[in-house]
Amino acid sequence: MTCRRGFSIAEMTVVLAVMGIVAALVLPQLQRVLIAAKAAATNSNMQTIMKSVGTFVQANSCLPCPSVPYINSGRFGELGSDKCAVCSNPQGVVPFVALGLPAKIAKDGFGHWITMRIDPELANPNPPVVPPYALCSPDEAENETHVCFEKSGKAAKGICKEANGVFTGIWVHNTETVTDQKAAVLLISYGERGYGSYNVGASGVIPRPETHTNCNNLSGGATVGFADCNNSVHNTAHFYDAVRGSDETFNHTLLYLDRNAIVSMFSSGACNTEW
C-alpha cells in the first residue's frame, strides 16, 4: 500500500509567499508594458488622423471642422459644418466618418475620444486655394493687387492667409523648450484617466472633469494647471505641451501642426510664415 503525503501548511505558506513576491515583481512591469502599448496605439492613431487631415486639405482646400461630441445630433463623426464653410465650433471630436476613418482610430489607446481643435479661419478660407501659387513677402501680402497675391481672381495664399494679417488660431506652449508655437490643427489625448476628454453620450457634451481648476494660460505653473488648461471646457485656445508629472497628474499627449506642415504634407507648397 502506497502512502501519499500532501503539502503541509508550512509548505503551502512558503509557496504562497514565493508566488506573492513573484507577482509583486512582475505585475508592475506588466502594467508598464500595457500602458506603453496603449501610449504607442495613441501615437499611431493621432498620426493616422493627422495624415487624413492633410489628405482632406489637399482635396478640399480647407481644414475639416470637428464633429459635435454627441450621438443624437445625426452628424456624429461627420463634419461640424459644411465643407469649407464657417466652423462655429472649432473644437470637438475627430470627424472620423468625413475623414474615412473607423471610429476606433478617433479614440486613444485608453479608449477615450481624442479632442480635435482647429484654427476656424482655415475651415473657411476665402477663397480656398492650396497649395499656394507662390510665396508672398509681407509687403506683397499687404498689396491685394500684387500678382503674387492674386492670380486668376484667386488669392495666391489661400489657406496660408491669416485673417486680416492677424493670427487668430491656436497657441501651444511647450514647457520643456519654453516656447510658444502657432498651430493650425491640434489633437489631444488626455491619458489613462481621460480627464478633460469628451464623454460622448446620446445628447450630452460632457467632458470628464479635471480634479484641478488652475488654468495658467501660458504663464507657467504647476502641472495640475496644465491639465485643466487643456480641458475641453476650460481652455481658451491656449494649450500646454508639458513634461509628464512624476505622479501622472499631467499625462496628456499632444500632436499639432502649423500651416506649413499641413500644406507641405503632400506637396512642395509652403506658407510664408513671416507676417
Side-chain angles (χ1 to χ4, degrees), residues 41-131 158-159 163 168-170 183-190 194 196-208 230-235 237 239 252-259 261-263 265-266:
T42 295
N43 287 323
S44 177
N45 288 357
M46 293 173 81
Q47 291 288 348
T48 299
I49 293 167
M50 201 62 87
K51 289 178 182 177
S52 296
V53 169
T55 300
F56 184 95
V57 169
Q58 294 297 312
N60 299 287
S61 303
C62 62
L63 287 179
C65 186
S67 175
V68 292
Y70 49 96
I71 296 172
N72 281 358
S73 67
R75 295 183 62 92
F76 182 67
E78 297 285 358
L79 299 178
S81 68
D82 293 333
K83 289 181 181 178
C84 298
V86 175
C87 180
S88 57
N89 294 302
Q91 181 165 298
V93 298
V94 176
F96 55 91
V97 175
L99 296 178
L101 299 172
K104 64 180 181 180
I105 298 296
K107 294 183 177 182
D108 61 20
F110 303 97
H112 304 132
W113 293 98
I114 294 172
T115 292
M116 180 177 181
R117 177 81 177 225
I118 68 165
D119 179 350
E121 294 292 338
L122 303 184
N124 184 32
N126 185 26
V129 181
V130 64
I159 200 170
T168 59
I170 308 165
V185 181
L186 170 72
L187 302 175
I188 305 177
S189 162
Y190 295 87
S197 61
Y198 287 108
N199 188 10
V200 175
S203 59
V205 193
I206 306 170
R208 291 176 175 83
N230 290 345
N231 188 297
S232 54
V233 166
H234 298 135
N235 80 73
F239 297 85
H252 299 183
T253 298
L254 277 66
L255 178 62
Y256 43 96
L257 295 180
D258 62 12
R259 297 165 188 245
I262 290 291
V263 170
M265 188 175 288
F266 298 105

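Because the structure is predicted, anything quoted here is derived from the model rather than measured.
The CG atom of L255 sits 8.0 Å away from the CG atom of L186 when rounded to the nearest 0.5 Å. L122 contributes atom CG, which lies 9.0 Å from atom CD1 of I262 (distance to the nearest 0.5 angstrom). The OG1 atom of T253 sits 7.5 Å away from the CZ atom of F110 when rounded to the nearest 0.5 Å. Distance check, rounded to the nearest 0.5 Å: CG of N89 to CZ of R117 gives 9.5 Å. Here the CD1-CG distance, from I118 to L187, works out to 11.5 Å after rounding to the nearest 0.5 Å. Residue F96 holds its CZ atom at 6.5 Å from OG of S67, rounded to the nearest 0.5 Å.
When every heavy atom of V94 is checked against every heavy atom of A106, the shortest pair comes out as CB-CB, 4.0 Å. Of all heavy-atom pairs between N230 and L254, the closest is ND2-CD1, 4.0 Å. Taking each heavy atom of P95 and P66 in turn, the nearest pair found is CD-CA, 4.1 Å. Closest non-hydrogen pair, P69 versus V93, comes out as CB-CG1, 3.9 Å. When all heavy atoms are compared, the tightest approach of T115 to S197 is OG1-CA, 4.5 Å. Residues V53 and V185 share a closest heavy-atom pair of CG1-CG2, 4.1 Å.
The shortest side-chain heavy-atom distance between S81 and V86 does not fall under the 4.5 Å cut-off.
The only option from F76, Y70, Y190 that meets the ring-ring contact (aromatic ring centres under 6.0 Å, His included) definition with W113 turns out to be F76.
Judged as a side chain to side chain donor-acceptor pair (under 3.5 Å), the pairs with a partner in residues 101-111 (not counting sequence neighbours) are, in order, D108-S189.
With sequence neighbours left out, the side chain to side chain contact (heavy atoms under 4.5 Å, CB included) criterion links A59 to no other residue.
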Subject >> Chi angles and distances behind the side chain to side chain contact (heavy atoms under 4.5 Å, CB included) call for I188, F239 >> reply: CA-CA 10 Å; I188 305 177; F239 297 85; 3.6 Å; yes

